[in-house]
**Q** 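The structure follows.
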Amino acid sequence: MDDALDEGQGGGGTVEVLIPLGLDQAYSYAVPSGLKLAPGDVVQVPLGPRETVGVVWEAGSGRGGNLKKVVAKLDMPPLDPALRKLVDWVAWYTLAAKGSVLALALKRPPDDTPERPKLGVRLAGAPPARMTPARARAIAAAEGGLLIGKSALAEAASVSTAVIDSLVDAGTFCVEPLPQEAIAARPDPDHAIPQLSYDQRAVGDALADLVRKQSWQVALLEGVTGSGKTEVYFEAVAEAIRLGRQSVILMPEIALTAQFIDRFEARFGVRPGLWHSAVSGRRRERLQAAIARGEALVVAGARSALFLPYRDLGLIIVDEEHEAAYKQEDGVAYHARDMAVVRSKIENAPVVLASATPSLETRVNAERGRYLHLKLPERYGGRELPTLGLVDLRKDKPERGRWLSSQLIKAVEANLEAKEQSLLFLNRRGYAPLTLCRDCGHRFQCPNCSAWLVDHRFRRALVCHHCGHVERRPHECPACHQPESLVACGPGVERLAEEVATQFPQARSIVLSSDFPGGTERLKQELMAVAEGEFDIVIGTQLVAKGHNFPGMTLVGVIDADLGLTSGDPRAAERTFQVLRQVTGRAGRGEKPGRALLQTHDPSHPVLKALVSGDPERFYAAETAAREAAGLPPFGRLAGLIVSANSQGEAETHARALARCAEAPAGVAVLGPAEAPLAILRGRHRMRLIVRTAREINLQDYLRAWLKRAPRPKGSVRVAVDVDPQSFL
DNA sequence: TACTAATATTTC
DNA sequence: AAATATTAGTAT
């Protein structure tokens, strides 16, 4: 494939060079004689008064006088055609400048500062003259004479690195350079053949088949929590390894945990190549190079791993495909799951979207037969899904200032009796979501964003969960100065903990909330302690919904299942459904079967009914019906488009958006930033559906910001978001 | 009117 | 992204 652009002998002519900046067009440069350039080559070019890197995007027309010259061709692997095509496509789809998208794929050229060898220590000499407990631990930990990293040894012996240093000085340890660790060793597809159930085997085989076919196919792998999705898609990865082709496993950044890596290592014998924001400079470069050479066979990474220069990509996995973390909102706004589908199409490889609670758009695509729908209905090991029940709070009403219904209390008591764990889920941090004055009715509001301030009693502060604003909780009302007149309204986890303590004084309970001091480290400890059965009752926010396995948990109580169903967020129902499905799925993952009780004021709500039925298809059907009833177009259709522009540069985005409008079947308005939401709110433009293609920003925030500058129009505004690149493939 | 700080524009 | 041009906002 040598399509060098030179005519005649050695160079001359022109090339179009794309520069990784916010430029939508490639610039023409003259090629100095003697230089051979082909599309994909990375070059150094002059730009204004300085020089930058760029990529030869295509052959130049040869015309155009007085062009600046390419300075040099850099010694880097060229961007292969597939990646260039992806950059073009993503730029087109997201309305971003081509150069900005190129910047995602083009990590800086290798700087040639030599890699500093990491130093390790080894047990070498006699014990030191003066022995201390800390020194003894360090020596014991280094037993066996193996070379070990300094900080790793300090960690293992739970001493500080100063102790190690002193032992080096004493001659007990010697220092040697650590051998460079393999960045991506070859995984062994048959390292540990997993025991799979009949269903798992069937689905695993189907996925492996897709990999063997080496053609484009999107597969939705839907499996309830605990059904062994990971083990199943590992079978597809194994098949790709056997074929010598590369796989990438995309996951939300937070999901790239030690737990996942351990499971991978247990299955394949080595760790996957890891790509996420915490992987630093040198390692990144080495991994990138290994990927470009095709040596790194499996990469597990966050969304940016999608733009790596794979040499022969044979499989893409998108784990937890419904996760909002796949959306990049700043810079180039893209959804990694959608772009994964695009890349797989370009690479002509299968892509597997795995989730226990697939997003609506993915479900729609599966329903329409565009995606292969593979289901893992059962839990691994024949465990049963928890039984779900609704508690009608209108009939079983807790007393004033209490939030636990008698039914839920009874269930928790029975669990305490049986020495089984219970989880009380309330997706509200803090003590109370609203504080008001009993005398004058003053409500505490955030000065920046008009949201109510949340009472955090442990921190003795009022906090805005929207923007992070914090203020002290006063003792008297700031409006009427009446002392001791402030009352908390509604429950947060802290307040629920209070109730639990009075209701079940003998129980060992713990609150798990992301805003507690101590950070991830403490949280990890606490989750572990819960898993080991050190607590009877866990009170938790959103964070307990994900990932962790509590074998002793047999009851999940949802304090307020209606929470989130009423907000104006177009994805509210979907998100609530997903969170409730996940959190109720925490029950019964051990030996004993589990159950979940959901407290609600509206037991006939379609989302809750679908949830209790245990059939996710019913939720999808309900949403589709609701959409239809609201007069909204079906999913998967580009119905309208709003683009904002705040500068001349963004006006080009306008132009691109206008071109796109020709493809939209329904009404479209392209307006400046100030007018856009207002025009809709005032109803000048009759748009029932707002689509911001691939830029699914938080529309609520967006609208709220503009509403601050304008009077609220009468009548409600219906907003829906619809993002689906499938319409364009 | 001169200077500075904040914003917008340009870069083959 | 970085250099440069433009404009808005102040101090003199």
Side-chain angles (χ1 to χ4, degrees), chain A residues 4-7 11-74 76 78-79 83-84 87-88 90-92 94-113 277 280-281 284-285 288 304 307 328-334 448 643-658 670-676 705-706 709:
Chain A
L5 307 170
D6 58 325
E7 296 111 33
T14 65
V15 281
E16 300 298 307
V17 176
L18 188 61
I19 291 150
L21 299 174
L23 302 166
D24 193 44
Q25 278 176 332
Y27 285 167
S28 310
Y29 286 91
V31 183
S33 58
L35 193 63
K36 276 185 155 190
L37 290 176
D41 284 342
V42 185
V43 291
Q44 182 93 7
V45 289
L47 184 71
R50 71 217 144 95
E51 286 181 0
T52 7
V53 287
V55 176
V56 178
W57 215 243
E58 54 193 345
S61 58
R63 285 173 284 110
N66 222 16
L67 294 175
K68 289 192 180 176
K69 275 188 189 157
V70 172
V71 176
K73 180 180 160 185
L74 297 180
M76 278 179 80
L79 249 71
L83 198 45
R84 287 187 334 253
V87 168
D88 282 337
V90 171
W92 168 77
T94 62
L95 305 173
K98 264 188 197 178
S100 310
V101 182
L102 175 63
L104 298 175
L106 192 76
K107 307 291 181 266
R108 68 196 148 276
D111 65 78
D112 26 30
T113 49
S277 57
S280 53
R284 274 180 109 89
E285 273 165 29
Q288 202 169 20
S304 59
F307 292 95
Q328 169 126 82
E329 309 222 348
D330 39 38
V332 181
Y334 66 95
N448 312 322
V643 181
S644 66
N646 11 347
S647 68
Q648 176 59 41
E650 289 225 336
E652 288 171 32
T653 314
H654 265 165
R656 274 174 264 147
L658 276 167
V670 179
L671 305 157
E675 311 96 273
W706 286 108
R709 300 202 202 165

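On a predicted model such as this, the values are computed, not experimentally measured, just so you know.
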**Q** Between atom CG in A:L102 and atom P in B:dT11, what is the gap in whole Å?
**A** 20 Å
**Q** From the list C:dA2, B:dC12, C:dT4, which nucleotide is the closest neighbour of the side chain of A:R50?
**A** C:dA2
**Q** Whole Å only: how far is the CD atom of A:Q25 from the C1' atom of B:dT9?
**A** 15 Å
**Q** Contact class for A:L23 vs. all strands (heavy atom < 4.0 Å): base, sugar-phosphate, or nothing?
**A** base
**Q** Which pair of heavy atoms, one from A:R84 and one from A:W57, lies closest together, and at what distance?
**A** O-CZ2, 3.5 Å
**Q** What's A:P46 touching, base or sugar-phosphate or nothing? Going by heavy atoms closer than 4.0 Å.
**A** sugar-phosphate
**Q** What is the distance from CG of A:L47 to C1' of B:dC12, rounded to the nearest Å?
**A** 8 Å
**Q** Do A:Y29 and A:V71 pass the side chain to side chain contact (heavy atoms under 4.5 Å, CB included) test, and can you show the C-alpha distance, the side-chain angles, and the key distance before you say yes or no?
**A** CA-CA 10 Å; A:Y29 286 91; A:V71 176; over 6 Å; no
**Q** Hey, could you give me the CG/CE distance between A:D41 and A:M76, rounded to the nearest 0.5 Å?
**A** 11.0 Å
**Q** Quick check for you: among B:dT11, C:dA1, B:dC12, whose closest atom lies nearest to any side-chain atom of A:K68?
**A** B:dC12
**Q** Round to a whole Å and report the spacing from CD1 of A:I19 to C1' of C:dA2.
**A** 13 Å
**Q** Does atom CD (A:E51) have a neighbourhood of more than 12 heavy atoms from anything else shown, all under 6.0 Å?
**A** yes
**Q** How many whole angstroms separate atom CD of A:E51 from atom P of B:dT11?
**A** 18 Å
**Q** What is the distance from CG of A:L21 to P of B:dT9, rounded to the nearest Å?
**A** 17 Å
**Q** Rounded off to whole Å, could you give me the CG-to-P distance for the A:L37 and B:dC12 pair?
**A** 18 Å
